[in-house]
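Just so it is clear: chains get the letters A, B, ... in the order the sequence lines come, proteins before strands, and each one is counted from 1. All values derive from a computational prediction rather than experimental measurement.
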Protein chains: 2
Amino acid sequence: MDKKEFLLRQIAKTNKKSYENYVVTRVIHKLDDSTVKFITQQYVRRPQKRRALTDLYLPQISFHVEIDEGYHKSIGEADKVREADIIDATGHTIARVDATLPIDELNNSIDGVVKRIREQIQIKRDLQQFEDWNPEKEHNPHAHIEKGYMDSDEDVAFYRHADACNCFGHSYVQYQPALARHAVEKGLTIWFPKLYDNADWHNVISDDEETIYERRKRDNDEFIRSYLNRTDRFKRLVFARVRDSLGSVMYRFKGFYEVDVETSRETFTITYRRKGRRVRTYAPIEEFARYDKTAIEEST
Amino acid sequence: MDKKEFLLRQIAKTNKKSYENYVVTRVIHKLDDSTVKFITQQYVRRPQKRRALTDLYLPQISFHVEIDEGYHKSIGEADKVREADIIDATGHTIARVDATLPIDELNNSIDGVVKRIREQIQIKRDLQQFEDWNPEKEHNPHAHIEKGYMDSDEDVAFYRHADACNCFGHSYVQYQPALARHAVEKGLTIWFPKLYDNADWHNVISDDEETIYERRKRDNDEFIRSYLNRTDRFKRLVFARVRDSLGSVMYRFKGFYEVDVETSRETFTITYRRKGRRVRTYAPIEEFARYDKTAIEEST
């Protein structure tokens with residue numbers, strides 16, 4: 001999907017709401033910077049707050065715009081929210097626009113937000129921390145390998161398991177299972193869980209994303225006992241299965257987690273604690289690619 | 001309706017069409033001038049061309065934007081078109097935007113159009129021919145009286161018969177009939193016809209708006225014969241009944257017309273020729289308002 005298609009689809013989500021469409025298009029057209037990515041209707045978690053939707057999200061600068069239309073907004077069907085790509089907005093900037101203002105004041109208010117956005121971008125550019133939006137590169141393992149790392153604070157997500165695996169030494173054409181071995185760092189497992197209640201699992205990620213809880217719906221005790229012997233699977237790079245802003249399935253990088261064995265044993269719930277947000281990426285290792293294509297069979 | 005409401009409703013008409021919404025909002029936000037009125041999806045007549053829709057119309061500078069999306073656009077249901085406020089776009093500027101261009105070229109192309117719009121506005125401002133958009137004044141008889149004239153080239157339309165009549169010496173609170181006497185210039189009649197085929201009349205206005213043809217569906221010959229004796233009704237200020245861009249009934253000023261008696265007699269069709277586009281307006285004449293409230297009874 002190219003930039004135009006992506007932008008038009010993001011804007012199209014606002015089409016039934018004329019205020020939202022007006023504010024969002026004004027921000028986009030007045031900023032007028034095609035190096036900037038926009039997501040409309042982003043699900044967020046914030047400390048001490050419930051899940052919410054922000055109307056416009058600029059992931060490169062962790063900046064959100066909330067449009068106040070003078071009434072309470074529902075955040076949509078429970079099912080849609082459950083699978084949604086809910087991001088942790090701790091530390092993000094939230095700008096508010098009061099859409100009930102008269103037109104000239106409303107325009108001024110939006111232009112003020114655009115000014116703040118431009119300043120934030122400039123600050124990141126000056127620090128060489130601003131990456132131009134490039135739809136072809138952002139979900140492409142090569143770009144992540146070139147960069148040398150991936151960081152859960154930097155909007156990292158892939159459309160396919162294989163693309164995530166190929167950031168860690170693999171060269172899969174396709175890869176279906178929910179677990180994969182890290183091709184370079186022994187003892188690391190790449191995991192693609194559904195971090196919400198689903199047919200087979202009671203999975204939960206905490207609001208601050210620091211803890212993941214995993215319970216099997218059938219035969220959980222047995223699962224826990226056998227699992228706690230598999231020390232080779234305790235360290236996990238987590239790519240949570242989500243529906244992205246346009247409804248496609250994606251796997252969002254949440255960080256590096258490790259099993260808390262004691263808590264898991266006591267609570268009969270596999271409990272993972274986040275140990276890091278940034279991990280190294282690796283170019284394909286030909287040897288591994290050739291000899292070890294065996295999928296790990298556990299699926300989550 | 002205030003400017004915000006009007007703008008949002010105009011933009012809302014584009015909401016199902018993401019290209020159109022993108023281009024229209026970019027023009028509006030980049031121009032960023034709340035003295036300018038925008039109409040989306042304006043029906044137009046052009047010489048040697050069929051009726052068409054332009055995607056964006058700026059009546060103050062007679063400027064249209066057509067968005068080429070790479071496929072043929074239908075102009076909608078016949079019924080809707082029949083009543084539509086179709087304007088004569090002869091001499092108007094039509095700018096085209098190719099929405100199939102890549103995003104940066106598309107943006108440049110739209111920005112080029114915005115530049116042309118700004119130049120046109122400046123030219124009219126320099127000539128003191130640009131009137132700031134003022135929704136409260138534009139359909140208000142007082143503003144037209146103050147101005148001293150109304151011109152069919154200047155986007156003149158009223159929501160009620162009374163408002164049109166009150167530009168010509170009347171002070172009606174309400175006025176229903178299709179004909180009214182001019183309160184000052186004797187022998188002039190104010191007329192609110194449906195200029196399309198309707199239940200009672202075969203009415204037509206020519207594409208160049210220079211000629212109006214009127215035939216009654218029942219007993220036309222009798223109507224013509226009796227009509228041609230009413231010389232006091234030959235001169236007409238015509239306010240055509242239309243549905244405006246947001247679906248409301250309005251009466252659009254088309255100019256000053258006079259019956260062509262010979263042609264009318266020969267063709268058994270009352271044939272009106274436009275004699276002028278600009279007419280004088282008059283403040284309420286108290287005497288007339290008090291004594292002559294009788295409605296003319298013919299209805300069209």
Quiz prompt | From CZ (A:Arg26) to CZ (B:Arg26), nearest 0.5 Å | solution = 12.5 Å
Self-check item: Reported CD-to-OG distance for the pair B:Glu5 and A:Ser18, which is rounded to 0.5 angstrom
Solution: 8.0 Å
Practice problem: Could you tell me which non-hydrogen atom of B:Thr100 sits nearest to which non-hydrogen atom of A:Lys4, and how far apart they are? | Solution: C-NZ, 3.4 Å
Quiz item: More than 12 foreign heavy atoms under 6.0 Å from CZ of B:Arg96: is that the case here?
Solution: no
Quiz item: Hey, does the side chain of B:His29 reach the backbone of A:Tyr22 with a donor-acceptor pair shorter than 3.5 angstrom?
Solution: yes
Quiz item: In terms of heavy-atom pairs under 4.5 Å with chain A, which of B:Asn21, B:Ile11, B:Asn107 leads?
Solution: B:Asn21
Quiz item: Less than 4.5 Å apart, any side-chain heavy atom of B:Asp32 and any of A:Asp111?
Solution: yes
Practice problem: Let me know if A:Leu8 has heavy atoms under 4.5 Å from chain B in its side chain, its backbone, both or neither. | Solution: both
Self-check item: When A:Leu106, A:Ile103, A:Ile110, A:Leu7 are compared by non-hydrogen pairs under 4.5 Å with chain B, the top option
Solution: A:Ile103
Quiz item: Looking at B:Asp2, B:Thr14, B:Ile28, B:Leu101, which has the largest count of heavy-atom pairs under 4.5 Å with chain A?
Solution: B:Leu101
Quiz item: With no hydrogens and no angle check, is any side-chain donor or acceptor of A:Lys3 less than 3.5 Å from a backbone partner on B:Asp104?
Solution: no
Quiz item: Does B:Lys17 NZ have over 12 foreign heavy atoms under 6.0 Å away?
Solution: no
